[in-house]
Amino acid sequence: MRAHQQAILKLLEHNALRKAKMITKEKWVSIMKGCGFTGEQMNRWHAEFERAAPQEHREFLEFLHIPAEEIKSIRDHSRKAV
């Protein structure tokens, strides 16, 4: 899980995600499920990402074109889980 987060952080640092084709929330969730992540594990992933790199976590959620209200909800839930 940490390696996955580190890879995303490196992409964000180099703005590679901004140059990539649009990935939707639905595609991302599908990828995570395809990797075997359960809903609980995805929540833990968000919580750890928020704890370790809150700014980058927000940017990643924005990259997925998640509406601002939903981003706030995800981040609030993530902070409570930490």
Side-chain angles (χ1 to χ4, degrees):
M1 193 175 337
R2 285 205 195 280
H4 196 252
Q5 291 169 340
Q6 291 296 332
I8 290 172
L9 288 173
K10 285 182 183 181
L11 289 171
L12 286 169
E13 287 172 6
H14 295 95
N15 291 322
L17 286 177
R18 286 182 175 77
K19 295 175 188 172
K21 285 178 147 182
M22 182 172 67
I23 298 175
T24 63
K25 173 188 168 187
E26 292 75 19
K27 278 186 183 179
W28 184 255
V29 170
S30 176
I31 291 167
M32 297 289 278
K33 285 181 178 179
C35 289
F37 280 71
T38 65
E40 183 180 322
Q41 289 170 322
M42 285 188 260
N43 288 335
R44 194 169 73 230
W45 182 89
H46 278 288
E48 188 59 30
F49 201 170
E50 182 68 25
R51 184 195 65 72
Q55 177 68 20
E56 290 86 351
H57 184 221
R58 182 189 56 76
E59 289 176 9
F60 180 71
L61 296 172
E62 289 172 350
F63 167 76
L64 295 177
H65 301 280
I66 297 173
E69 276 188 33
E70 189 175 353
I71 289 174
K72 182 180 179 338
S73 175
I74 292 168
R75 295 184 75 205
D76 288 347
H77 181 75
S78 297
R79 287 185 197 114
K80 291 176 187 172
V82 174

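Keep in mind it's a predicted model, so treat the numbers as computed, not measured.
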(request) For the residue pair F63 and H65, categorise the inter-ring angle as parallel (less than 30°), tilted (30 to 60°) or perpendicular (more than 60°). (result) tilted
(message) Can you classify the ring geometry of F60 versus W45 as parallel (below 30°), tilted (30 to 60°) or perpendicular (above 60°)?
(response) perpendicular
(request) Identify, with sequence neighbours excluded, every residue that meets side chain to side chain contact (heavy atoms under 4.5 Å, CB included) alongside D76. (result) K72, R79
(message) Using the side chain to side chain contact (heavy atoms under 4.5 Å, CB included) criterion, which residues pair with P67? Sequence neighbours excluded.
(response) E70
Heavy-atom pair of closest approach, residues [X] and [Y]:
X   : Y   : result
H57 : I74 : CE1-CG2, 4.3 Å
I23 : W28 : CG2-N, 4.2 Å
A47 : S78 : CB-O, 3.6 Å

(message) Return the CD to CD distance between E50 and Q55, rounded to the nearest 0.5 Å.
(response) 10.0 Å
(message) If I take atom CZ from residue R58 and atom CD1 from residue I66, how far apart are they, to the nearest 0.5 angstrom?
(response) 12.5 Å
(request) Output yes when E48 and R44 qualify as a salt bridge under the 4.0 Å nitrogen-oxygen rule, no when they do not. (result) no
Taking only distance into account, with no hydrogens and no angle test, what donor-acceptor pairs under 3.5 Å do side-chain atoms of residues 29-37 form with protein atoms, sequence neighbours excluded?
none

